[in-house]
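Following: one structure in structure tokens, then a few remarks.
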Protein chains: 2
Amino acid sequence: MENSRTGQGGKAGYHHGDLRNALIGAGLELATDGGPGKVVLREVARRAGVSATAAYRHFAGQGELLHAVKMEAQQMLADAMERVAAGLPGDGDPGVAAERRLVGIGRGYVGFALEHPGLFRTAFHHATAGEEEDAGWGGVTSVAGNPEFRSYNMLSAALDELLAAGRMPAANRPGAEAAAWSTAHGVAMLILDGPMARLSQRDRDGVIERSIDTIVAGLLVPREHPAGA
Amino acid sequence: MENSRTGQGGKAGYHHGDLRNALIGAGLELATDGGPGKVVLREVARRAGVSATAAYRHFAGQGELLHAVKMEAQQMLADAMERVAAGLPGDGDPGVAAERRLVGIGRGYVGFALEHPGLFRTAFHHATAGEEEDAGWGGVTSVAGNPEFRSYNMLSAALDELLAAGRMPAANRPGAEAAAWSTAHGVAMLILDGPMARLSQRDRDGVIERSIDTIVAGLLVPREHPAGA
DNA sequence: AGGTCAGTGTTGACGTCGTTAACATTCCAT
DNA sequence: ATGGAATGTTAACGACGTCAACACTGACCT
């Protein structure tokens, strides 16, 4: 990471020196334990050792501040996925390796969500009307070409390899990112805030594995496709 | 439903007569356009034509009010799924019918989410620390036996039929609810608040169909299962 | 060097929100 | 009819987001 968000970079004078990053950092702290709702402008400013209104020199309002925190949370999620995928053995068979990678990415995604629920919820927080026009994610199409959206691109690459290795029927390729991402996102959300919230650790893990296995199986098996898609 | 939430049931005197339901009704209005964040106690009371503090005679605070609204939103979601499933042709082949029902339930789920984003977000809203102890959903195990959780039970029943009709390998049955639900929930969420937010109507529909088809294919195809599950 | 001015931070105030305490009205059981 | 439980009201507090007005700092221009 290039930013010195954690460092007490600036001197202690009237001018902070790195206030914008300090605010985002404090916001991340709050988001980490408490989710998006806890990212309160006044408290963020307090933690940065600055008056509340100072934040307005760097953000249009708390909506924009929260948005910045949200973007950062998204980056952290992508980092987590990348780390998991990087630590995987490069098997001899490229098809097997690709499948392993796909599963790994999914595990990393859900793992991040369970380890950092507040950040995960923040990364997908929906701005209430009036908060901030949410240019958070682009469309999938624009995402595809955008180097920023690493999470999407990692997934895409793994699927491409699966196809290239002949493990996935070509007809299954289009829209595969959406299906895979949806399942991972869904398990995470349902465990976090939904009907599976009270599962034991063991059951959670089982559900996660089962869901990932199922969607991967669905991606790999040949099937008829309706006309048009 | 037995409650007269919409009717102006009570007389217009000092005592409202049906305030609790009136408050929930107003809360649902706010949630419908604006999501959980817009369910503001004072505004809810205002809409019910009553002072803000009157709400405290019926709810411990805005957290509990929001919780009640959340429960109602969950019921509406289940209703929507039920309606879709009910309107499906009962094919001759029970296996085909079951699969159709499964797909229909998924479409109903996602359809509700896209038609009523505010209500859907409210149904899965996570109470920020301090708001309300979220006994919203039971665990999946307790859900299974609880007649209240119609959405889960509908899904479960469809899967059972699929198994009974011999269209799904028995080894795939355990955890199938979680996988199916996860995918549906995931697409909905990703379209609502995630990276697929800017898709065209056409692309959305394609993504939804593709995701549902994929998870169903994964549920139906025989595969090896790791020991232990 | 001295002056100026954009950038950055501060104070004070306003309106809204959730919540509590104290008080008022109405309903119902006796 | 009456007394208490249920239900609603007003007044006030502290926290929040935001705005307007003011203050400090530093970099640039002569």
Side-chain angles (χ1 to χ4, degrees), chain A residues 4 8-27 29-31 34-70 125 127-133, chain B residues 3-4 8-27 29-31 34-70 122 125 127-133:
Chain A
S4 62
Q8 193 70 331
K11 29 257 159 193
Y14 189 94
H15 283 76
H16 181 288
D18 192 26
L19 185 51
R20 184 186 162 89
N21 281 330
L23 291 172
I24 294 180
E29 274 184 36
L30 292 180
K38 241 196 168 182
V39 179
V40 168
L41 187 144
R42 288 182 108 113
E43 173 64 17
V44 167
R46 225 171 280 136
R47 294 200 179 199
V50 103
S51 79
T53 52
Y56 285 82
R57 300 297 176 193
H58 302 274
F59 301 96
Q62 92 85 225
E64 205 172 84
L65 165 60
L66 178 52
H67 184 74
V69 173
K70 170 176 169 170
H125 169 73
T128 301
E131 260 184 25
E132 191 57 29
E133 196 45 43
Chain B
N3 63 42
S4 62
Q8 194 70 332
K11 29 258 160 193
Y14 189 94
H15 281 75
H16 182 288
D18 192 26
L19 186 50
R20 184 187 163 92
N21 281 330
L23 292 172
I24 295 180
E29 274 184 35
L30 292 181
K38 241 197 169 183
V39 179
V40 169
L41 187 143
R42 289 181 106 113
E43 173 65 15
V44 167
R46 227 170 279 136
R47 294 200 179 199
V50 102
S51 81
T53 52
Y56 285 82
R57 299 297 177 195
H58 302 275
F59 301 97
Q62 90 87 225
E64 204 173 86
L65 166 60
L66 178 52
H67 184 74
V69 173
K70 172 177 170 172
T122 303
H125 170 255
T128 301
E131 259 184 27
E132 190 58 27
E133 196 47 43

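So you know, we letter chains A, B, ... as the sequences are listed, proteins then strands, and number each from 1. Note: hydrogens, waters and symmetry copies are ignored here, and every other heavy atom, side chains too, is used.
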Compare every heavy atom of [Y] with every heavy atom of [X], then report the nearest pair and how far apart it is.
X	Y	result
B:Ala31	B:Val69	CB-CG1, 4.1 Å
B:Phe59	B:Ile24	CZ-CG1, 3.8 Å
A:Ala45	A:Ser51	CB-O, 3.6 Å
A:His58	A:Arg20	O-NH1, 3.2 Å

Nearest whole Å is fine: how far is [N] [atom2] from [X] [atom1]?
X	N	atom1	atom2	result
A:Leu66	D:dC16	CG	P	15 Å
B:Leu23	D:dG8	CG	P	8 Å
A:Arg46	D:dG17	CZ	C1'	12 Å
A:Asp18	C:dT8	CG	P	11 Å
B:Asn21	D:dT7	CG	P	13 Å
B:Phe59	D:dA6	CZ	C1'	16 Å

* Short side-chain N/O contact to C:dT26 OP1/OP2 from B:Arg57, under 4.0 Å -> no
* Asked: Taking OP1 and OP2 of D:dG8, is either one under 4.0 Å from a side-chain nitrogen or oxygen of B:His58?
  -> yes
* **Separation between CZ of B:Arg57 and CG of B:Leu19, rounded to the nearest 0.5 Å** => 11.5 Å
* Structure fact -> Distance col, row B:Arg42:CZ vs B:Thr53:OG1, nearest 0.5 angstrom, shows 8.5 Å
* Secondary-structure stems for DNA chain C, with pairs counted as Watson-Crick or G-U when both distances are under 3.5 Å and runs at least 3 long -> C:1-30 with D:1-30
* Is a donor on one side and an acceptor on the other found under 3.5 Å between the side chain of A:Gln62 and the backbone of A:Val39? -> yes
* Contacts of type side-chain hydrogen bond (donor to acceptor under 3.5 Å, both in side chains), residue B:Arg47, not counting sequence neighbours -> B:Glu29, B:Glu43
Between N or O atoms, less than 3.5 Å apart, protein on one side and nucleotides 19-21 of chain C on the other: list the pairs.
| from | atom 1 | to | atom 2 | distance (Å) |
| --- | --- | --- | --- | --- |
| C:dT19 | OP2 | B:Tyr56 | OH | 2.9 |
| C:dT19 | OP2 | B:Gln62 | N | 2.8 |
| C:dT19 | O5' | B:Tyr56 | OH | 3.1 |

* Which is it for B:Leu23 and B:Leu41 under the side-chain contact (heavy atoms from CB on, under 4.5 Å) test, yes or no, and what are the steps along the way? -> CA-CA 9 Å; B:Leu23 292 172; B:Leu41 187 143; over 6 Å; no
